[in-house]
Amino acid sequence: MRLFDRTELIGPAEEVARRLLHTVLRVDADGSVVTARIVEVEAYDQDDPASHSFRGRTKRNATMFGPPGHLYVYLSYGLHHCANVVVGPDGRGDAVLLRAVDVIDGLDVVRRRRGERRDLTNGPGKLCQALGIELSHDGVDVCAPGGPVGLFDDGTPPPTTPIVGPRVGLTKATETPWRFSSP
DNA sequence: GGAACGATCTGC
DNA sequence: CAGATCGTTCCC
């Protein structure tokens, strides 16, 4: 498995989001490692009213405006964490929200964190809980070797025809079809 | 200084 | 389908 190349993250958020489907995320949190394949994402860019970066740089979204390949993590509804991969050139507030993964390795760890229930990792909040991603991971470099979170290409290509649809949970730009998932 | 509002999830 | 729950943002 090769670490994902940072230069592959430079480009329009929509294109990079499609490219990130089927890539592999490896998270080493509180002593446990979970590996998972990304199967659903959403693109956000700074010209997009639904994006946190739309109103400019703030303390919360500062990571979005930094170099690509870093994780932007924020707290949603005061309860759940959501994780994005920062994309686009350094200085642009573009990111790809991770919405769902399939667990490859570490299912026991995921069950311990999520409890004995179905629907372990299909949703941005559930995904973060399952992988152990929290606010402390905001800003970590996923293209750097040896970090707590790594993004990998294991040779599985992205789907040629992903399911495309409107993004979820928004009140603005709800018609923009920037949600992509594995068929 | 304060109020309103979430890129959500769960359980009733 | 409503409640949880709190940081961020924006407006007074």
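So that the names make sense, note that chain A is the first sequence line, chain B the second, and so on, each numbered from 1. Because the structure is predicted, anything quoted here is derived from the model rather than measured. The figures that follow rest on heavy atoms only: side chains count, while hydrogens, waters and symmetry mates do not.
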List for me each residue that meets side-chain contact (heavy atoms from CB on, under 4.5 Å) alongside A:Arg112, sequence neighbours excluded, and say none if there are none.
A:Ser32, A:Val109
5' to 3' on DNA chain C, which nucleotides open and close the contacts with chain A (atom under 4.0 Å from a heavy atom)?
C:dA4 to C:dC10
Less than 4.0 angstrom from a charged side-chain N to a carboxylate O is my criterion; do A:Arg6 and A:Asp141 meet it?
yes
Test side-chain hydrogen bond (donor to acceptor under 3.5 Å, both in side chains) on A:Arg167 and A:Thr174; report intermediate values, then the result.
CA-CA 6 Å; A:Arg167 294 172 295 180; A:Thr174 52; over 6 Å; no
Nearest-0.5 Å distance that lies between atom CD1 in A:Ile104 and atom CG in A:Leu25:
9.5 Å
How would DNA chain C look in dot-bracket form, 5' to 3', counting Watson-Crick and G-U wobble pairs with both distances under 3.5 Å and writing | for bases paired to another strand?
||||.||||||.
Tell me what A:Arg117 touches on the nucleic acid: a base, only sugar-phosphate, or nothing, going by heavy atoms under 4.0 Å.
sugar-phosphate
Using a 4.5 Å cut-off on heavy atoms from C-beta on, say whether the side chain of A:Tyr72 contacts that of A:Asp138.
yes
Footprint string (nucleotides 2-9 of chain B, 5' to 3'): B base within contact, S backbone only, - free, heavy atoms under 4.0 Å
----BBBS
Set of residues satisfying salt bridge (Lys or Arg N to Asp or Glu O under 4.0 Å) with respect to A:Asp30, sequence neighbours excluded:
A:Arg113
Can a side-chain donor-acceptor contact be found between A:Ser53 and A:Asn61 if the only test is distance below 3.5 angstrom?
no
Could you tell me which residues satisfy side-chain contact (heavy atoms from CB on, under 4.5 Å) with A:Thr23, sequence neighbours excluded, listed by chain and number?
A:Phe4, A:Arg19, A:Leu20, A:Ile38, A:Leu151
Centroid separation under 6.0 Å, is that true for the rings of A:His81 and A:Tyr74?
no
Are A:Trp178 and A:Val16 connected in the hydrophobic side-chain network, where two residues link if heavy atoms are under 4.5 Å apart?
yes
